[in-house]
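Okay, so here's the structure we're looking at.
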Protein chains: 2
Amino acid sequence: MVEDVVRTLGFLCMGSRLRRIGERLQADTQQVIDEAGLSIQAGQYPFLAAIDRAGPLTIGELAQAVGITQPGATRTTGQLLELGYVDMQLAPDDQRRRLVSLTDKGQDLIDHSKKVIWPRIAAAVADLCGDLDGPILEQLAAIEDGLAAAPLARRSPAKEETP
Amino acid sequence: MVEDVVRTLGFLCMGSRLRRIGERLQADTQQVIDEAGLSIQAGQYPFLAAIDRAGPLTIGELAQAVGITQPGATRTTGQLLELGYVDMQLAPDDQRRRLVSLTDKGQDLIDHSKKVIWPRIAAAVADLCGDLDGPILEQLAAIEDGLAAAPLARRSPAKEETP
DNA sequence: GGATGTTATATAACGTGTTATAGATTAAAT
DNA sequence: ATTTAATCTATAACACGTTATATAACATCC
């Protein structure tokens with residue numbers, strides 16, 4: 001067994017480590033979404049959520065809202081368009097801007113997600129790291145160990161069986 | 001100003017958020033490396049560090065050590081080969097395995113990095129989040145705010161001027 | 001000792017982030 | 001009013017992770 005260098009090096013590799021844990025968490029989240037039979041990527045949710053919360057947003061505002069760069073927002077918005085979850089139209093006052101809004105299908109997805117999926121994911125993540133405390137490196141180690149012991153999907157209350 | 005949805009949604013978007021912070025941290029780390037005039041990517045360091053710590057490793061062991069999948073390890077190792085930092089040779093007992101070892105150039109880079117760069121990066125990250133405590137979401141918020149206020153390169157002791 | 005399965009690495013195809021840059025539209029300036 | 005600058009979105013090229021699969025070498029089993 002080889003040691004985990006990223007973990008060993010601590011603060012020095014914190015960037016790599018956060019990325020790595022984030023990727024793992026998102027993959028686990030995706031699994032919960034897939035198990036629920038929804039056809040959407042975990043990374044696309046924040047876009048829909050942003051519009052749901054703030055109303056129609058431009059590409060630039062979406063980028064800001066989800067914390068990525070504008071080309072990334074353009075691409076993901078294109079995917080959501082293809083999927084039929086959002087609509088895009090020129091802003092009436094400024095033809096450079098494109099206002100992205102939820103379609104009925106998109107709103108349905110959000111409404112359903114709010115009821116069924118989001119609480120499950122949030123609860124699973126809270127179960128994983130909600131009670132942690134202390135220095136961040138220790139918390140990260142606990143999260144990694146926790147994920148290795150039981151992925152998010154196994155921490156999700158909806159998996160319970162009613163006997 | 002648009003609200004930061006990923007932040008607002010808390011545990012629900014924790015995967016996205018960790019990734020995002022990790023990417024930011026790594027970009028900042030890269031800046032420190034570049035300013036020091038070294039020609040290496042932040043993400044390549046853990047590979048060299050792993051070999052430095054454990055001696056020559058196979059591709060599979062490297063993947064384990066840095067916590068990524070084997071194809072990723074194959075690719076990064078290929079880059080390090082091109083850069084002349086590592087060497088690769090068939091394992092004497094098992095011709096399927098390739099042992100990756102540091103070249104003199106690679107060892108020099110590591111030695112120099114240990115002395116000059118790594119302490120600087122570790123100190124900057126520690127300055128950013130070493131004293132944090134409490135629930136992880138609050139720590140992440142503090143890290144994001146901290147990075148926005150002053151990137152790693154500005155927290156790095158080597159920038160001090162001797163008057 | 002040759003067929004069959006396992007293991008290690010390589011390669012291909014893709015996802016999703018980035019930076020750099022082009023094109024269109026609006027705002028500002030002379 | 002026309003030129004110039006700024007802003008917004010799109011596109012291209014790249015970085016670096018993933019999964020799936022191919023190929024080569026070793027191990028095992030009649």
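Residue numbering restarts at 1 for every chain, and letters A, B, ... go by the order of the sequence lines. Computed from a predicted structure; not experimentally measured. Side-chain atoms are counted along with the backbone in the values below, which use heavy atoms only and exclude waters and symmetry mates.
dT6(C) atom C1' lies 12 Å from atom CZ of R97(B), rounded to whole Å. Atom CD of Q89(B) is separated from atom C1' of dA8(C) by 17 Å (rounded to the nearest Å). Computed from coordinates, the L81(A) CG to dT9(D) P distance equals 13 Å when rounded to whole Å. Whole-Å rounding puts the D28(A) CG to dT18(D) P distance at 13 Å. Rounded to an integer number of Å, the gap from E61(B) CD to dT9(C) P is 8 Å. Protein atom CD of Q31(A) is 16 Å distant from nucleotide atom P of dT18(D), rounded to whole Å.
Transitive grouping of hydrophobic side chains (ILVMFWY, heavy atoms separated by less than 4.5 Å) keeps L90(A) and V86(A) in distinct clusters.
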Nucleotide-resolved protein contact map, nucleotides 16-28 of chain C, B/S/- at heavy-atom distance under 4.0 Å:
BBBBB----BS--
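At dA10(C), one or more side-chain N or O atoms of T74(B) fall inside 4.0 Å of OP1 or OP2 (strictly under the cut-off).
The closest side-chain heavy-atom distance from L128(B) to R155(B) is below 4.5 Å.
Between the side chains of Y85(A) and T103(A), not a single donor N or O lies within less than 3.5 Å of an accepting N or O. Between the side chains of R19(B) and Q26(A), at least one donor N or O sits under 3.5 Å from an acceptor N or O. No hydrogens or angles considered: a donor-acceptor pair under 3.5 Å links the side chains of T74(B) and Q70(B). There is no side-chain donor-acceptor pair under 3.5 Å between Q44(B) and T76(B).
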